[in-house]
Amino acid sequence: MANEVKKFTQEAGYEPLENRCIIVKYAPENLSEKLAAFFNSEFYVLQMCKHEIILLPFNTTWGNLRKDVSLVLPYEDVQSVELRDDLLNTVITIRTGSDTIRLTTQQAELSDLRSSGIYASIYAGFFKNWHKENLDGTLSALKELGEH
């Protein structure tokens, strides 16, 4: 895990799980939104913690991680998690009793050439892509949340 992600998570009062963070964006609903989202650079770190999932936003101007938590989702609120491949991304749909949260994450195979790899390597040094390294384990852990 990137040290900055771990540090910001702990400073915000959460206990991050090792190797359970990936780069995500909010998922578009339709083709029109997909076209607009292609140019949208609002990325987040999805960090799984001891008791909750949090999203840490990146600064869209400078590409650095902001010291802010934009979403906190306690595990006990998660009713289901669905994963669906969509071209070069995986859509993560998290359902709670009152809401549906749709996120998209870039698949590992081309991550080194895409935004997730660039953002992930900023905090780990070039040639180390923690998004790619954490992706399978994090997606599996998210899927298990919906099966409890």
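No hydrogens, no waters, no symmetry mates; every other heavy atom, side chains included, goes into these values.
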Trainee: Go through the steps for Leu55 and Val69 under the test side-chain contact (heavy atoms from CB on, under 4.5 Å), then give the verdict.
Mentor: CA-CA 6 Å; Leu55 291 185; Val69 176; over 6 Å; no

Trainee: Are the side chains of Ile54 and Leu71 in contact, using a 4.5 Å heavy-atom criterion?
Mentor: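 In short, these two side chains do not touch, never coming nearer than 4.5 Å.
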
Trainee: Drop me the distance from Ile23's CD1 to Leu135's CG, to the nearest 0.5 angstrom.
Mentor: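 The CG atom of Leu135 is 10.5 Å from CD1 of Ile23, to the nearest 0.5 Å.
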
Trainee: Might you point out which heavy atoms bring Leu83 and Leu139 nearest each other, and give the distance in Å?
Mentor: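 That would be CD1-O, 3.7 Å.
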
Trainee: Which heavy atom in Pro16 sits nearest to a heavy atom in Lys6, and how many Å separate them?
Mentor: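 What the structure gives for the nearest pair is CG-CG, 4.0 Å.
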
Trainee: For the pair Thr9 and Cys49, evaluate side-chain contact (heavy atoms from CB on, under 4.5 Å) and give the outcome as yes or no after the intermediate values.
Mentor: CA-CA 9 Å; Thr9 301; Cys49 299; 3.7 Å; yes

Trainee: Who passes side chain to side chain contact (heavy atoms under 4.5 Å, CB included) against Thr93, sequence neighbours left out?
Mentor: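 Glu82, Val91, Arg95, Thr100, Arg102.
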
Trainee: Kindly indicate, with the supporting measurements, whether the criterion side-chain contact (heavy atoms from CB on, under 4.5 Å) is fulfilled by Leu46 and Ile53.
Mentor: CA-CA 7 Å; Leu46 179 150; Ile53 298 167; 3.8 Å; yes

Trainee: Is the closest side-chain heavy-atom distance between Thr138 and Met48 below 4.5 Å?
Mentor: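 Thr138 vs Met48: side chains touch.
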
Trainee: State, yes or no, whether a side-chain contact exists between Glu52 and Val72 at a heavy-atom distance under 4.5 Å.
Mentor: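 A side-chain contact under 4.5 Å exists here.
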
Trainee: Measuring from atom CG of Asn89 to atom CG of Leu87, what distance do you get when rounded to the nearest 0.5 angstrom?
Mentor: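 Output value for this atom pair is 7.5 Å.
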
Trainee: Drop me the distance from Ser70's OG to Glu42's CD, to the nearest 0.5 angstrom.
Mentor: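 Spacing of OG (Ser70) from CD (Glu42) equals 9.5 Å.
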
Trainee: Mind checking the OG1-OH spacing from Thr96 to Tyr75? Nearest 0.5 Å is all I need.
Mentor: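 Thr96 OG1 to Tyr75 OH: 15.5 Å, rounded to 0.5 Å.
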
Trainee: Please examine the side chains of Thr90 and Thr104, heavy atoms only from C-beta on, and report whether any two atoms are closer than 4.5 Å.
Mentor: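 In short, these two side chains do not touch, never coming nearer than 4.5 Å.
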
Trainee: Considering non-hydrogen atoms only, spot the tightest contact between Gln47 and Cys21 and give its length.
Mentor: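 So the minimum-distance heavy-atom pair works out to OE1-CB, 3.2 Å.
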
Trainee: Report yes if some heavy atom in the side chain of Phe8 is under 4.5 Å from a heavy atom in the side chain of Val45; otherwise report no.
Mentor: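 A side-chain contact is absent here, since even the closest heavy-atom pair is not under 4.5 Å.
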
Trainee: Has the side chain of Asn134 got a donor or acceptor atom that lies under 3.5 Å from a matching backbone atom of Ile22?
Mentor: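 Such a contact is absent between Asn134 side chain and Ile22 backbone.
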
Trainee: Is a side-chain donor or acceptor of Tyr26 paired with a backbone partner of Leu103 at a separation under 3.5 angstrom?
Mentor: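 Such a contact is absent between Tyr26 side chain and Leu103 backbone.
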
Trainee: Answer yes or no: is there a side-chain heavy-atom contact under 4.5 Å between Ile92 and Val81?
Mentor: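 Side-chain contact under 4.5 Å: yes.
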
Trainee: Could you state the interatomic distance from CD (Gln79) to CG (Leu145), rounded to the nearest 0.5 Å?
Mentor: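 It comes to 12.5 Å.
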
Trainee: Taking all non-hydrogen atoms of both residues, which atom of Pro57 and which atom of Tyr44 are closest, and how far apart?
Mentor: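 So the minimum-distance heavy-atom pair works out to CA-CD2, 3.5 Å.
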
Trainee: Quick one, Asp99 and Leu73 - any side-chain contact, counting heavy atoms below 4.5 Å?
Mentor: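 No - every pair of side-chain heavy atoms lies 4.5 Å or more apart.
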
